[in-house]
Engineer: 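Pasting in a structure now, in structure tokens, and then I'll have a few things to ask.
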Amino acid sequence: MKYLPVNEQLKLIELGVEEILPKGELQHKLERSLETNKPINVKLGCDPSRPDLHLGHAVVLRKLRQFQDLGHQAILVIGDFTAIIGDPSGRNKTRPQLSLKEAKSNAKSYVDQSKVILDINKLKIVYNSEWLNVMNFSDVVKLASRYTVARMLERDDFTNRYKAEIPISIHEFLYPLAQGMDSVELKADVELGGTDQKFNLLVGRDLQKEYGQDPQVILTLPLLEGTDGVEKMSKSYGNHISLLDSPDDMYGKTLSLSDEMIEKYFILAVGADEATMDDIRSQLSDSSVNPRDIKRRLARELVAVYHSKEKALEAERNFDRIFVQKAIPDKMEEYTLLEEKQLLEILLEAGLIKSKGEGRRLVKQKAVIIDGETCTDELFQIVPGDKEIVLKVGKRRFLKVLG
RNA sequence: GGGGAGAUGGCCGAGCGGUCAAUGGCAGCAGACUGUAAAUCUGCCGGCGAACGCCUACGGAGGUUCGAAUCCUUCUCUCCCCA
């Protein structure tokens, strides 16, 4: 493997990064790697407590990919064991604990999805239950003795919860230690994570020192806010753009972002280079350019990254048809009607509404459209006929009813 | 071990025997305006039912009462103070 000169590697690595601690050490490690012609170990832990990945995860995954492209060894640690503890980071509550089985099955789909970003052939995938699940109580005691309560309480989230009199369970203190053991086990040179992971990453560093290892360099990446532009992207906040989202959804959700997020998304989600960013920034500050058009470009590029260029253009055409010309999409869910049925019944079965109560409300609010006509009758019946009927609920829920 | 406080809808938080499917805020949804932006305004916001209404719900289980989120018993959980 031929490596780039250290300063060039550093320049790339630093892109879009929040913090590198300590930076000098990273340079050191890279220099040594160059001299010995050996890759450095770059670790990224993932929490398989949710089965699907979104753009927030993509930020760190892309950084890991970058290390792969630079010729280094990327290690994806599936935190199947740590998921049964539940990461307390950034939470004001104890996390639900998963069973090892649930974690494993989530992990599977996680790895599948990460193929979009990572070079799976060069990726080392490990499960931390391999070493954590075999530790016995005395091993845990020994491990726990290497850290103090005061240091644990340095964490904001613990301090805040403690002050707010919100419970903190003892096992939550074990989370950073467990994650740190991963670094020891893997002899990680670098560990990546979101800024909310800083504490956990530093604990890994400390533990490596305790175990006589060369401590890892920690590299944190900014957290990407979700479509609401406020909270960090998370499925539980419902503000995420999933890597599995269809091109249409991905495009649409991107356009619903607030303008302030455009720049950040270009850097973190698209991975735009400096030249592109200069261009984006100058357009954003130019009052004659409508931010919407820059956002459209963002949406196109985003879809192109996770799907393809063609899909991106198609998504844009669909979007324009639906939201600009207010027409109907050319592809939509279909429903085959066998007998006369109530409209609400159909919508419920097709999943366009959550309950009939919701459906009634929507009809009252003039949000249900049948073939372009606003429906005002909650009890409307649909009879199977020769021609298809298009049902629309709200702005974006469509259903084609076939007779 | 002792003493005190508390557990309410997705979240925060009122209510403290009927008028409570439960004030208010946030989030969400729909409509208007737009660029599926922001801001703003309006409406909705447990389920079933065309509707009178019925069912489920104020940590769990019992009980008192014509009637309980509200009172009692007990269990579970949390926080605080003392040892």
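In the text below, chain A, chain B and the rest are named by the order of the sequence lines, each starting its count at 1.
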Engineer: Using the P atoms only, state how far B:G4 lies from B:G28, rounded to an integer number of Å.
Structural biologist: 43 Å
Engineer: Check the distance between B:A37's C1' and A:F319's CZ and give it to me in whole angstrom.
Structural biologist: 11 Å
Engineer: Take the protein atom CD1 of A:I166 and the nucleotide atom P of B:C11, then report the distance between them rounded to whole Å.
Structural biologist: 14 Å
Engineer: Please give the nucleotide sitting opposite B:A69 as a Watson-Crick or G-U wobble pair, both distances under 3.5 Å, or none.
Structural biologist: none
Engineer: Tell me: NZ of A:K253 to P of B:G28, nearest whole Å?
Structural biologist: 14 Å
Engineer: Given the P atoms of B:C44 and B:G25, what is the spacing between them in whole Å?
Structural biologist: 12 Å
Engineer: Only pairs with both distances under 3.5 Å count, Watson-Crick or wobble alike; so what is the partner of B:C54 in this structure?
Structural biologist: B:G47
Engineer: What is the distance, rounded to the nearest whole Å, between atom CD of A:E172 and atom P of B:U78?
Structural biologist: 12 Å
Engineer: Could you tell me which nucleotide pairs with B:G1 by Watson-Crick or G-U wobble geometry, both distances under 3.5 Å, or answer none if nothing does?
Structural biologist: B:C82
Engineer: Partner lookup for B:G10, please. Criteria are Watson-Crick or G-U wobble with both distances under 3.5 angstrom; report none if nothing qualifies.
Structural biologist: B:C26
Engineer: To the nearest 0.5 Å, what is the distance between CZ on A:R300 and CD on A:E316?
Structural biologist: 4.5 Å
Engineer: Would you give the length of the straight line joining atom CE of A:M233 to atom NE2 of A:H54, rounded to the nearest 0.5 angstrom?
Structural biologist: 6.5 Å
Engineer: If you measure from the C1' atom in B:A68 to the same atom in B:U73, how many Å do you get, rounded?
Structural biologist: 15 Å
Engineer: Just verifying a value: how many Å separate A:Y237 OH and A:T227 OG1, rounded to the nearest 0.5 Å?
Structural biologist: 13.0 Å
Engineer: With rounding to the closest Å, how many angstrom separate the C1' atoms on B:A27 and B:G35?
Structural biologist: 24 Å
Engineer: Can you check the distance between B:G3 and B:U70, where both ends of the measurement are the P atom (answer in whole Å)?
Structural biologist: 25 Å
Engineer: Heavy-atom nearest nucleotide on RNA chain B for A:R397 versus A:K295: which residue maps closer to 5'?
Structural biologist: A:R397
Engineer: Classify the angle between the aromatic ring planes of A:H72 and A:Y3 as parallel (below 30°), tilted (30 to 60°) or perpendicular (above 60°).
Structural biologist: parallel
Engineer: For B:U40, give its Watson-Crick or G-U wobble partner with both distances under 3.5 Å, or none.
Structural biologist: B:A32
Engineer: How far does the P atom of B:U65 sit from the matching atom of B:G10, given to the nearest Å?
Structural biologist: 33 Å
Engineer: Produce a footprint string for nucleotides 47-52 of chain B: one letter per nucleotide, 5' end first; B if the base is under 4.0 Å from any protein heavy atom, S if only the sugar-phosphate is, - if neither.
Structural biologist: SSBS--
Engineer: With rounding to whole Å, what would you report as the distance between B:G15 and B:G49 at their P atoms?
Structural biologist: 36 Å
Engineer: So is A:R146 actually on top of A:Y211's ring, under 6.0 Å and inside 45° of the axis?
Structural biologist: yes
Engineer: Between A:R296 and A:D228, which has a closest nucleotide on RNA chain B that is more 5'?
Structural biologist: A:D228
Engineer: Got a donor-acceptor contact below 3.5 angstrom from the A:Q9 side chain to the A:L4 backbone?
Structural biologist: yes
Engineer: Check the distance between B:G35's C1' and A:I294's CD1 and give it to me in whole angstrom.
Structural biologist: 12 Å
Engineer: B:A21 and B:A32: how far apart are their C1' atoms, nearest whole angstrom?
Structural biologist: 30 Å
Engineer: Is A:R155 positioned over the aromatic face of A:F158, cation under 6.0 angstrom from the ring centre and no more than 45 degrees off axis?
Structural biologist: yes
Engineer: Side chain of A:E165 only, please: which of B:G35, B:C29, B:C79 is the nearest?
Structural biologist: B:C79
Engineer: Separation of A:I262 atom CD1 from B:U36 atom P, in whole Å?
Structural biologist: 13 Å
Engineer: Should B:U64 form a Watson-Crick or G-U wobble pair with both distances under 3.5 Å, which nucleotide is its partner?
Structural biologist: none
Engineer: What is the distance from OH of A:Y162 to P of B:C79, rounded to the nearest Å?
Structural biologist: 10 Å
Engineer: Base of B:G43, side chain of A:Q365 - is there a donor-acceptor contact under 3.5 Å?
Structural biologist: yes
Engineer: Set out, in order, the CA-CA distance, both residues' side-chain angles and the distance that settles side-chain hydrogen bond (donor to acceptor under 3.5 Å, both in side chains) for A:Q179 and A:N200, then state yes or no.
Structural biologist: CA-CA 7 Å; A:Q179 183 172 338; A:N200 291 346; 3.3 Å; yes
Engineer: Any donor-acceptor pair, under 3.5 Å, between the side chain of A:D259 and the base of B:G35, if you only look at N and O atoms?
Structural biologist: yes
Engineer: Rounded to whole Å, how long is the line connecting atom CG of A:L255 with atom P of B:A37?
Structural biologist: 9 Å
Engineer: Could you state the interatomic distance from OH (A:Y127) to CG (A:D182), rounded to the nearest 0.5 Å?
Structural biologist: 14.0 Å
